[in-house]
Structures are given as C-alpha cells and as structure tokens.
Amino acid sequence: MAILESSKPAKTVHPGQTIGILGGGQLGRMMALEAKAMGYRIAVLDPQPDCPCAQVADTHIVAPYTDVSAAEELGRQSDVVTYEFENVDANVTARLCECSYVPQGASLLHTTQHRVREKRALQAAGVPIADYREVTTLQGLRQAAKELGLPAVLKTSAGGYDGKGQWRLTAEDDLGLLWSSIAAAQTIPGRHGTTKRVEEAPFIMERLIPFERELSVMVARSPRGEMTVFPVAENIHVHHILHMSIVPARVDAETARRAQEIAKQIAESLCVVGVLGVEMFLTRDGQILVNELAPRPHNSGHYTQNACSTSQFEQHVRAICNLPLGDVKLWSPVVMVNVLGQHLPSVLTHLKHWPAHWKLHLYGKAEAKRNRKMGHVNVLCDDLEDGLEQIKYAGIW
Ligand SMILES: Nc1ncnc2c1ncn2[C@@H]1O[C@H](COP(=O)(O)OP(=O)(O)OP(=O)(O)O)[C@@H](O)[C@H]1O
Ligand SMILES: [Mg+2]
C-alpha cells in the first residue's frame with residue numbers, strides 16, 4: 001500500500017490561525033486548552049455533540065471519524081491538522097494529507113496502527129524489543145509457542161487498547177481451543193485454510209516479560225528536527241488500565257538516560273513530528289525493551305501539565321506549528337493518578353479537603369461509566385513516597 005507522506009514543506013502556523021483536531025476526547029481537549037492559551041483557534045471533528053474537546057473548541061464538525069467529506073471540511077477550516085488517536089481511517093488520513101496541511105504525515109499512523117509494522121519499525125530503528133512471532137494460523141500459533149516458550153502473550157495486531165485484544169498463554173492452555181474461541185470472536189483472515197493472502201499477520205505472540213518496572217518516555221520532535229525528551233515516568237497499571245505514573249521513575253540515572261536515548265532514537269528514525277509516547281519494560285537484569293508506541297500525547301505524560309515548564313500538550317502544539325520547542329525541566333516530583341468513573345463520586349466529595357498541591361483535571365464527560373477515564377490528579381510532592389502515601393490514604397482509589 002502506498003504511504004502518503006506530508007509532501008508539503010514545513011510551514012509555521014501562528015497564533016490566531018486554526019488548529020484542526022481529529023478526535024474530540026480528553027487528549028484533544030487538553031491539546032486545545034494549551035493551544036487556546038497560546039492564542040490559536042480550534043476546530044474539532046468528532047461524532048459526539050458534547051465531546052470533551054468540543055466544549056473548549058471554536059468550531060465543531062459533528063460527523064463520524066470515517067466521513068471523508070467531513071474531514072475535508074476540517075481541512076478547509078484549519079491551517080494545520082493533527083489527531084488525538086491513532087486509529088484514524090486510512091482514507092481520511094490520505095485525503096487530509098492531500099487537501100490540507102498535516103505535518104505529522106500518514107506514515108507514522110500507518111506504522112503504529114499495526115503491531116507487526118510497529119515491531120518492524122522498532123527493529124529498523126535499532127532499539128531492543130521483546131522477542132515475538134507473527135501469528136496467522138493455529139499451526140503458526142503452535143510454532144510460536146514452541147519457539148518462544150510459554151508463558152507468552154498473544155495480541156491482536158490492530159485495534160487493541162487497555163489490554164483488550166490480548167490473551168495470556170500458559171503451558172496448561174489448550175491452544176486449539178483458545179484459537180477457535182478467538183477466531184469466533186474475531187475476523188481472522190484466512191483462518192479456514194488460508195487461501196487469502198494477507199499483507200501482515202493479524203496477531204503477534206510475545207514472550208512474557210517478567211518486568212521489574214514499566215516505564216514510558218514522551219519525546220517531541222519538530223519539522224526542523226529539534227527534539228526534546230521529557231523525564232521518564234514509571235507506570236502502574238490496574239486491570240490493564242493505567243492507574244498511576246510516578247515521576248521521576250524510581251530507576252538509576254543511567255537507566256533513565258538510556259530510556260530517554262531510546263525514545264529519541266525512535267523519534268529520529270521514524271521522522272516523528274509532534275509528541276510520541278514510548279512504552280517500555282525494564283527487566284530485572286536492567287535491560288530496557290520497547291513495548292509499544294503512541295503517536296500522540298499519552299496518559300502517562302499528563303504529569304507534565306503541572307510538574308514541567310512545558311506540558312506535553314503545549315509541546316505537541318509547538319511542534320506541529322513549527323515553533324521552537326519549550327523547556328522540559330521537571331520542577332517537582334509528581335504522581336499522576338487517573339480518575340475513572342467509579343472514582344469520580346468520592347473525588348467530588350473529598351475535593352474540598354484536598355491540599356493545594358493536588359491538581360485536578362476533569363474532562364467534562366457527562367456519564368461516569370465504570371473504568372471510563374474521567375480525569376486525573378497530579379499530586380506534586382517533595383518526596384515520591386510521601387505522595388504515594390497521600391494517594392493511598394485519600395480513600396478514593
Ligand atoms: N510481553 C509482555 N510481557 C509482560 N507484560 C506485558 C507484555 N505485553 C503487554 N504486557 C502488559 O499488558 C499491558 C498492555 O499491553 P500493551 O501496552 O501492549 O497493550 P494495549 O492494550 O495497547 O495497552 P494501552 O493501549 O493501554 O497502552 C502492558 O502495559 C503490560 O503491563
Ligand atoms: Mg500499552
């Protein structure tokens with residue numbers, strides 16, 4: 001498949017001009033808030049009338065993400081177009097790159113939409129990743145299990161998030177049974193005998209990494225090649241959803257430096273424009289393995305809003321507008337903790353007693369469903385262990 005790059009030369013987009021955002025969730029909202037503070041106007045495309053970003057945008061095109069003519073309208077209204085999620089429809093990306101200015105291009109999206117393409121790109125960038133095999137058939141699954149050993153993780157190549165589309169495999173599992181249950185729930189190309197030639201495997205199997213910590217690094221790159229890398233975050237997941245990010249990560253300085261170096265290497269290799277989130281595993285023997293990429297601001301970078309000179313959202317705006325990147329100094333240790341639907345009632349009750357260094361961000365979502373990300377709190381602290389204690393005894397999480 002031909003990949004459309006942003007073939008247009010980089011241009012500088014000035015305050016007063018309009019930034020178009022594809023997707024109106026919390027990431028779009030926080031991008032928009034920073035951009036508005038800098039004097040930009042915001043147009044957003046999202047199917048939901050009162051979505052988080054529309055509440056702070058100047059104009060809102062209410063249409064499905066796959067609507068090419070709505071995307072064209074977004075392009076007409078905007079001097080630069082960006083996105084807040086990676087699963088942008090390929091036709092929409094292609095059309096936007098053609099008829100408007102998308103400095104991030106289509107190639108990075110194409111790569112990060114599919115785990116096989118992403119793994120290959122990471123290998124080409126020369127960074128370490130977990131051993132994996134591509135899986136298309138039951139026979140392939142058995143072979144992968146033999147070669148990698150169990151336990152392992154099977155992941156859908158496209159569309160997974162928050163641990164959805166993942167299966168932990170152990171030596172006790174009946175792979176045939178598992179494969180047919182997955183096949184029943186998914187559309188696996190060629191699963192009945194494989195007459196159909198597919199471009200990339202629909203699944204990958206990874207060796208299960210007994211990691212010591214999960215880390216992430218946000219890196220930003222501008223069209224002129226300027227790069228900044230934010231401090232390393234240590235991430236704690238609960239039920240496959242990010243619960244907390246602890247910054248600076250509790251690792252030695254050399255490990256932190258290596259993690260940042262890896263993120264920069266990837267951003268350079270993939271010619272990233274804007275912000276890129278790089279998720280990593282730190283193993284017990286000190287190895288860093290890259291897990292996956294997010295070609296946009298990332299939940300584990302929300303701490304930057306209150307703890308750094310420049311937030312990841314402002315940095316993203318600066319990068320896509322071709323402005324000089326901001327300073328990324330960390331002013332204070334910080335713990336970011338997510339507010340999910342089930343946490344919101346107690347957050348609202350306890351709010352009046354919170355200390356001044358607890359910074360609440362809410363996304364303006366009407367319905368507080370279970371496990372839905374409603375907001376987050378950045379707990380600024382002098383000492384991380386103290387911050388973690390405060391969260392533990394807050395009676396919310
Ligand atoms: N190979 C592995 N070994 C050990 N743990 C893993 C492995 N792959 C994934 N995990 C665990 O599952 C989590 C989710 O995996 P991953 O990031 O690949 O998927 P995801 O569903 O796209 O997640 P998200 O979109 O929320 O970041 C990881 O953060 C990690 O805790
Ligand atoms: Mg992940």
Side-chain angles (χ1 to χ4, degrees), residues 23-34 46 48-56 84-85 161-164 166 213-216 218 231 233-250 277 279 294 296-308 311-313 330-397:
Q26 64 263 24
L27 298 178
R29 175 188 177 99
M30 291 184 277
M31 261 181 220
L33 286 170
E34 290 282 16
D46 190 283
Q48 202 197 317
D50 190 41
C51 66
C53 185
Q55 296 167 21
V56 302
E84 61 127 38
F85 64 97
Y161 67 97
D162 288 345
K164 292 186 175 73
Q166 284 194 24
R213 296 189 195 284
E214 285 197 77
L215 306 176
S216 63
M218 306 306 301
E234 171 186 341
N235 300 319
I236 313 285
H237 293 86
V238 174
H239 304 308
H240 304 288
I241 301 171
L242 183 68
H243 170 47
M244 282 198 295
S245 293
I246 302 165
V247 186
R250 294 167 297 178
E279 298 179 12
R296 51 168 172 78
H298 189 262
N299 193 168
S300 70
H302 291 356
Y303 77 86
T304 58
Q305 290 173 307
N306 299 108
C308 290
S311 77
Q312 61 167 348
F313 300 103
L330 182 74
W331 288 105
S332 160
V334 57
V335 182
M336 187 284 317
V337 54
N338 269 335
V339 175
L340 304 180
Q342 60 270 35
H343 305 134
L344 190 63
S346 14
V347 163
L348 296 176
T349 315
H350 288 73
L351 190 55
K352 51 184 176 292
H353 307 297
W354 280 8
H357 57 275
W358 278 50
K359 300 290 192 178
L360 178 65
H361 299 254
L362 291 178
Y363 309 147
K365 295 180 187 177
E367 233 188 307
K369 288 191 201 146
R370 184 167 180 79
N371 287 343
R372 186 177 200 200
K373 289 177 182 169
M374 302 301 289
H376 62 274
V377 187
N378 285 328
V379 175
L380 301 168
C381 45
D382 295 327
D383 173 74
L384 282 176
E385 298 311 320
D386 182 43
L388 289 167
E389 286 279 294
Q390 290 175 30
I391 291 166
K392 188 168 163 188
Y393 292 109
I396 299 168
W397 292 276

A.B. asks: Out of curiosity, H237 NE2 to H240 NE2, how far, rounded to the nearest 0.5 Å?
C.D. replies: 10.0 Å
A.B. asks: Taking the side chain as everything from C-beta on, heavy atoms only, tell me whether V339 gets closer than 4.5 Å to I396.
C.D. replies: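 No; the side chains remain at least 4.5 Å from each other.
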A.B. asks: Determine the minimum heavy-atom distance between L215 and A249, stating which atoms define it.
C.D. replies: CD2-CB, 3.8 Å
A.B. asks: Is the shortest side-chain heavy-atom distance between V337 and V347 below 4.5 Å?
C.D. replies: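 A side-chain contact is absent here, since even the closest heavy-atom pair is not under 4.5 Å.
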A.B. asks: Please report the shortest heavy-atom distance between C308 and P231, naming the atom on each side.
C.D. replies: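 Scanning both residues completely, I find the closest heavy atoms to be SG-CD, 4.3 Å.
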A.B. asks: Holding to salt bridge (charged side-chain N to carboxylate O under 4.0 Å, His left out), I want the full list of residues that pass it with R250, two or more places apart in sequence or in another chain.
C.D. replies: E234, E385
A.B. asks: With side chain to side chain donor-acceptor pair (under 3.5 Å) as the test, would you mind laying out the steps for Q26 and H302 before giving the verdict?
C.D. replies: CA-CA 11 Å; Q26 64 263 24; H302 291 356; 5.8 Å; no
A.B. asks: Do side-chain atoms of S300 reach the backbone of S245 as a donor and acceptor pair under 3.5 angstrom?
C.D. replies: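 Checking the backbone N and O of S245 against the side chain of S300, no donor-acceptor pair under 3.5 Å is found.
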A.B. asks: Can you see which heavy atom on A32 is nearest to which on C53, and at what distance?
C.D. replies: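 Here A32 and C53 meet closest at CB-SG, 4.0 Å.
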A.B. asks: Just so I know, are the side chains of N306 and V334 near enough to count as touching, which here means a heavy-atom distance under 4.5 Å?
C.D. replies: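 N306 does not reach V334 side chain to side chain.
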A.B. asks: Do R370 and Q342 pass the side chain to side chain contact (heavy atoms under 4.5 Å, CB included) test, and can you show the C-alpha distance, the side-chain angles, and the key distance before you say yes or no?
C.D. replies: CA-CA 5 Å; R370 184 167 180 79; Q342 60 270 35; 3.7 Å; yes
A.B. asks: For the residue pair H376 and H361, does the interplanar ring angle fall in the parallel (under 30°), tilted (30 to 60°) or perpendicular (over 60°) class?
C.D. replies: parallel
A.B. asks: Return the NZ to CH2 distance between K392 and W397, rounded to the nearest 0.5 Å.
C.D. replies: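 CH2 of W397 is found 14.5 Å from NZ of K392.
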A.B. asks: What salt bridge (charged side-chain N to carboxylate O under 4.0 Å, His left out) pairs are there with at least one residue in residues 337-365, not counting sequence neighbours?
C.D. replies: none
A.B. asks: Under a 4.5 Å cut-off applied to non-hydrogen side-chain atoms, are V379 and W354 in contact?
C.D. replies: no
A.B. asks: Look up atom CD1 in I246 and atom CG in L388, then write down how far apart they are to the nearest 0.5 Å.
C.D. replies: 4.5 Å
A.B. asks: Is it the case that the side chain of N338 and the backbone of L340 share a donor-acceptor pair, with hydrogens and angles ignored and the cut-off at 3.5 Å?
C.D. replies: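 No, the answer is negative, given that no donor and acceptor are paired below the 3.5 Å cut-off.
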A.B. asks: Considering non-hydrogen atoms only, spot the tightest contact between P333 and L384 and give its length.
C.D. replies: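 Taking P333 first and L384 second, the nearest heavy atoms are CB-CD2, 3.9 Å.
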A.B. asks: Is there side-chain contact between M218 and T304, with at least one heavy-atom pair below 4.5 Å?
C.D. replies: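 Not touching, per the 4.5 Å side-chain cut-off.
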A.B. asks: Which pair of non-hydrogen atoms, one from G25 and one from D46, has the smallest distance, and what is that distance?
C.D. replies: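 Between these two residues, the closest heavy atoms are N-OD2, 4.2 Å.
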A.B. asks: About how many Å separate CG of N299 and NZ of K373, when rounded to the nearest 0.5 Å?
C.D. replies: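 Taking NZ in K373 and CG in N299, the distance rounds to 4.0 Å.
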A.B. asks: OH/Y303 to CG/L380 distance, rounded to the nearest 0.5 angstrom?
C.D. replies: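 Atom-to-atom, Y303:OH and L380:CG are 12.5 Å apart.
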A.B. asks: Take a 6.0 Å sphere around NZ of K164 and say whether it holds more than 12 heavy atoms from other residues, nucleotides or ligands.
C.D. replies: yes
A.B. asks: Please report the closest heavy-atom contact between L27 and P297, naming both atoms and the distance.
C.D. replies: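 The answer is CD1-O, 3.6 Å.
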A.B. asks: Between M336 and L242, is there a side-chain heavy-atom distance shorter than 4.5 Å?
C.D. replies: yes
A.B. asks: Evaluate the criterion side chain to side chain contact (heavy atoms under 4.5 Å, CB included) for residue pair N371 and H239; output intermediate values, then yes/no.
C.D. replies: CA-CA 9 Å; N371 287 343; H239 304 308; 5.6 Å; no
A.B. asks: Does a side-chain heavy-atom distance below 4.5 Å link Q305 with N378?
C.D. replies: yes
A.B. asks: How many angstroms lie between atom CD of Q55 and atom CG of D50, to the nearest 0.5 angstrom?
C.D. replies: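 So the CD of Q55 and the CG of D50 are separated by 4.5 Å.
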A.B. asks: According to salt bridge (charged side-chain N to carboxylate O under 4.0 Å, His left out), who are the partners of R29, at least two apart in sequence or on a separate chain?
C.D. replies: none
A.B. asks: Quick check: are there more than 12 heavy atoms from other residues, nucleotides or ligands sitting under 6.0 Å from CG of D383?
C.D. replies: yes
